[in-house]
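First the structure, in the form of structure tokens, and then the observations on it.
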Protein chains: 2
Amino acid sequence: MPNIGEQHANLDQQAYTTIKEMITDRQLLPGEKIPQEKLASELGISRTPLVNALKFLEKEKLVEAKPRRGYYVRLFTPAEMISIFELREVLEGLAARRAAEKISDAQIERLKGFFTGFSAGEAITDTHLYSQQDREFHRFITDIGAMEFLSSILQAYNIISFSYQVLGADGLVRPPDETILEHRAIIDAISRRNATTAEEMMRRHFKRTTAYIKAQLAAEQAEQQRAS
Amino acid sequence: MPNIGEQHANLDQQAYTTIKEMITDRQLLPGEKIPQEKLASELGISRTPLVNALKFLEKEKLVEAKPRRGYYVRLFTPAEMISIFELREVLEGLAARRAAEKISDAQIERLKGFFTGFSAGEAITDTHLYSQQDREFHRFITDIGAMEFLSSILQAYNIISFSYQVLGADGLVRPPDETILEHRAIIDAISRRNATTAEEMMRRHFKRTTAYIKAQLAAEQAEQQRAS
DNA sequence: TAATTGAATTTTGCATGCAAAATTCATTAT
DNA sequence: ATAATGAATTTTGCATGCAAAATTCAATTA
């Protein structure tokens with residue numbers, strides 16, 4: 001579900017998607033100035049749709065406009081990273097609640113299929129696969145539970161994908177052995193169509209992640225203090 | 001806190017604000033086509049910033065773009081109206097929780113000043129005043145509690161102001177005698193800096209409003225059914 | 001009279017032009 | 001050598017131009 005010009009392939013949308021990818025793929029780095037003329041000609045378009053795309057990305061906080069000085073790729077602050085997870089807590093909590101209310105039998109089967117590759121007692125070694133399933137899992141639930149506005153908020157603010165900026169190389173915030181139990185609890189609650197518990201479990205999942213990030217940031221700061 | 005080009009008065013922002021007001025003030029009516037050339041010259045600007053503003057409003061769902069056919073003022077569907085209140089439930093719930101954690105002594109005094117004009121036992125007759133305080137009340141709490149992203153989401157999606165489309169002439173969804181107790185419970189929880197209760201009370205407040213709207217819509221539909 | 005066709009007009013989507021602001025770079029002064 | 005000045009260049013913010021698409025409207029036909 002694209003979030004600006006729906007489907008009709010206009011150049012704004014095209015530029016928007018491309019630049020967004022360039023930022024997520026780290027082709028454009030935080031702090032870097034975005035060269036309008038250059039990028040436009042690279043994309044084979046004029047400055048007009050390029051600038052439109054940048055204006056959208058500005059609203060999503062992916063770039064920063066410095067008036068009369070151009071657009072710069074933005075770096076999220078620790079406070080913002082925490083905010084993103086606090087928002088995901090309540091928004092995905094809502095999505096989980098609604099998913100439990102709306103889910104079909106077929107979708108329950110697919111939901112139960114997540115994380116089956118990882119057996120209960122054993123330590124999880126394939127963190128790459130786990131990370132991938134993690135994202136798909138959250139997306140699956142929000143796709144089912146999200147109604148008007150919710151999905152576009154989660155997408156427009158790039159909350160889901162950009163949450164993954166605090167992550168380790170494997171693309172995970174917390175170790176899989178810790179999160180898999182929470183994921184299973186969410187799957188269980190939604191499968192039983194228990195809306196209240198589903199929301200509760202999703203929120204608990206994010207609360208723990210938020211706490212983890214806060215602790216990590218505190219540790220980092222202490223480290224920096226010590227180094228100076 | 002404006003939500004596009006921060007403060008530096010650019011024409012995009014100016015057009016954005018003006019059109020938004022024209023929609024809220026019902027100078028532009030739902031379904032109506034927005035005449036670009038005409039509006040631009042009325043605002044004394046060219047089509048460029050005007051169209052930019054429309055693109056932003058499209059993302060906020062206030063207008064709808066029909067490719068190659070122009071922009072139209074949008075009408076919210078009943079399903080969307082309900083979604084808006086469900087989102088406010090979780091978002092303002094989060095804001096209330098954070099407000100309880102962050103609020104200063106001076107702010108507590110101001111918070112306690114809300115709805116003091118309405119005495120406990122008596123029926124509320126000045127619905128206009130109540131409606132105004134209602135909005136200010138919610139805004140006060142979100143201003144205190146909102147962190148990065150939250151305020152811009154609440155604003156960008158126009159959730160607060162546009163929730164007031166289902167309203168009666170007085171600008172209220174539910175009768176004041178019903179909501180004032182809930183408002184007082186929220187004030188109380190935040191003043192006691194009880195974050196959990198504050199969130200709980202705010203959510204309960206919205207849950208009831210959502211239920212009320214759903215009931216009203218169901219009644220309206222039954223009415224229409226009967227008429228045909 | 002109502003429906004159909006097509007030419008004239010309007011409007012959209014995007015590129016380009018242009019002045020004002022910002023930046024760069026060479027020159028001069030300290 | 002570093003700092004200060006200002007001219008040349010680049011870049012931004014917005015208006016305007018233009019082709020393609022859509023709409024309007026008059027003329028024609030059924």
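Worth saying up front: this structure is predicted, and the values here are computed from it rather than measured. Atom set for the values below is all heavy atoms of this structure, side chains included, hydrogens, waters and symmetry mates excluded.
Counting only distance, with no hydrogens or angles, the side chain of A/Lys33 and the backbone of A/Arg69 share a donor-acceptor pair below 3.5 Å.
Summarising the geometry, the separation between NZ on B/Lys55 and P on C/dT12 is reported as 12 Å, rounded to the nearest angstrom. For the pair B/Gln36 CD and D/dC14 P, the interatomic distance rounds to 17 Å; values are reported in whole Å. Atom NZ in A/Lys38 sits roughly 15 Å away from atom P in D/dT10 (whole-Å rounding). A straight line from CG of B/Leu50 to C1' of C/dG13 spans 14 Å, rounded to a whole angstrom. Rounded to an integer number of Å, the gap from CD of A/Gln14 to C1' of C/dC14 is 12 Å. Residue B/Gln13 contributes atom CD, which lies 15 Å from atom C1' of D/dG13 at whole-angstrom precision. Here C/dT12 presents its P atom at 15 Å from CD of B/Glu64, a figure rounded to the nearest Å. Rounded to a whole Å, the CG atom of A/Asn10 is 15 Å from the P atom of D/dA21.
When each of C/dA15, D/dG13, D/dT16 is scored by its nearest atom to the side-chain atoms of B/Ser46, the top-ranked nucleotide is D/dT16.
Residue B/Arg69 has no polar side-chain atom (N or O) positioned under 4.0 Å from OP1 or OP2 of C/dT12. Between A/Arg68 and the phosphate of D/dG13, there is no side-chain N or O to OP1/OP2 separation shorter than 4.0 Å. Put simply, A/Thr48 has no side-chain N or O that comes within less than 4.0 Å of OP1 or OP2 on C/dC14.
The side-chain tip of B/Lys55 does not point at the ring of A/Phe56 from less than 6.0 angstrom away and within 45° of straight on. At least one cation-pi condition fails for B/Arg208 and B/Tyr212: the charged atom is not both under 6.0 angstrom from the six-membered ring centre and inside a 45 degree cone around its axis.
Ring to ring, A/Phe137 and A/His183 are close: their centroids are under 6.0 angstrom apart.
Counting non-hydrogen atoms under 4.0 angstrom, B/Lys33 reaches the backbone sugars and phosphates but no base.
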